[in-house]
Amino acid sequence: MKIASWNVNSLNVRLPHLETWLASAKPDVVALQETKLEDTRFPDTAIAAAGYRSVFSGQKTYNGVAILTRMDAPGGGVLDDVQAGIPGFEDAQKRVLAATVNGVRIVDVYVVNGQSVGSEKYAYKLRWLEALHAWLREEMRRYPRLVLLGDFNIAPRDLDVHDPAQWNDDHILTSRPERDALDGLLAQGLHDAFRALNPAERAFSWWDYRQFALRRDLGLRIDLTLVSDMLRAECVAAGIDKEPRTWERPSDHAPAWVQLAG
DNA sequence: ATGGTGGGCTACCCA
């Protein structure tokens, strides 16, 4: 079972890239972020033509998440117990979507960016991460086979940033409170699949559109796939497909994936 | 220290 995550930065613009990538990578499950589409405008017909079912929770202009499953995957890619948002956490921003696929609980998240340390958006990010943490504790009890994946807007360690001096304790995406929140999730029994399988590999999933960041490889690894204890033993490979980031008019993120045995 | 690019859409935006 191959499970992937991709922040597409507008599915309207990136649909051709998504179709091309689905045809070559053939993931069983894909979690999308920043679809930036109201549900009435979601391209489920085009995605079905590509062989994928879809569930989605979106809004105009900002945010938006979706889960796609391959129809000819084991179990037919049927999506059960679909849940949008964090239960009990009032939030107009569409950042969370969960569904069960072939016995695996998939939790797709578009974590708050936070703008800058100390800003109102930063405070919202930390509050949001607390709510996610509390909900995940329940969700993991209900679904021991669980994958939490998406754009975390947090780079876990120095190995995950191009310049640790710049991306330090006081910088957004790497600040101590953000990394503490991520470590709190990991402490519940989740594992960063990419890092577990590639302990020393410096690889990024996001490069800024500005300053020729891709060409200079000035990136961060902020798109993560966290797997529960039970699934950790089934992870056989994990990687980041840099190629779509090199295509014309790309998303600023590349797809990240993990392969589970069986 | 600033501003660079891109998406969405015309904004005191968000990343």
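- Remark: C1' of dC13(B) and OH of Y209(A) are 16 Å apart, rounded to the nearest angstrom.
- Of the two residues near DNA chain B, Q211(A) and W206(A), the one whose nearest nucleotide lies more 5' is Q211(A).
- We find that K60(A) and D39(A) are not joined by a salt bridge, their nearest charged nitrogen and carboxylate oxygen being 4.0 Å or further apart.
- The partner of dC12(B), taking Watson-Crick or G-U wobble pairs whose two distances both stay under 3.5 Å, does not exist in any strand shown.
- A gap of 33 Å separates the P atoms of dA1(B) and dA11(B), to the nearest Å.
- A distance of about 26 Å separates the P atoms of dC9(B) and dG3(B), rounded to the whole Å.
- Checked against the 6.0 Å centroid threshold, W257(A) and W6(A) do not count as a close aromatic pair.
- At whole-Å resolution of the value, CD in Q115(A) and P in dA15(B) are 7 Å apart.
- Rounded to whole Å, the distance from CG on N113(A) to P on dA15(B) is 5 Å.
- With R221(A) as reference, D160(A) is the one residue of D151(A), D158(A), D160(A) to meet the salt bridge (charged side-chain N to carboxylate O under 4.0 Å, His left out) rule.
- The CG atom of L37(A) sits 11 Å away from the C1' atom of dG7(B) (whole-angstrom rounding).
- Both Q93(A) and T35(A) lie close to DNA chain B; mapped to their nearest nucleotides by heavy-atom distance, the more 5′-ward contact belongs to T35(A).
- Using a cut-off of 4.0 Å between Lys/Arg side-chain N and Asp/Glu carboxylate O, R141(A) and E138(A) are scored as salt-bridged.
- Protein atom NZ of K60(A) is 12 Å distant from nucleotide atom P of dA11(B), rounded to whole Å.
- Rounded to whole Å, the distance from CG on D151(A) to P on dA15(B) is 10 Å.
- In this structure, CD of Q33(A) is placed 16 Å from C1' of dC14(B), rounded to the nearest angstrom.
- Taking the C1' atoms as reference points, dG6(B) lies 16 Å from dT10(B), given to the whole Å.
- At dA15(B), none of the side-chain N or O atoms of R210(A) fall inside 4.0 Å of OP1 or OP2 (strictly under the cut-off).
- As rounded to whole Å, 14 Å separates atom C1' of dG4(B) from atom CZ of R215(A).
- In this structure, of dC14(B), dC9(B), dA15(B), it is dC9(B) that holds the atom nearest to the side chain of T61(A).
- Of the listed nucleotides (dC9(B), dT5(B), dC14(B)), dC14(B) has the atom at the smallest distance from the side chain of Y62(A).
- Regarding contacts with the backbone of dG7(B), a side-chain N or O of R14(A) is found under 4.0 angstrom from either OP1 or OP2.
- Here R210(A) does not pair with D252(A) in a salt bridge; the nearest charged N to carboxylate O distance is not below 4.0 Å.
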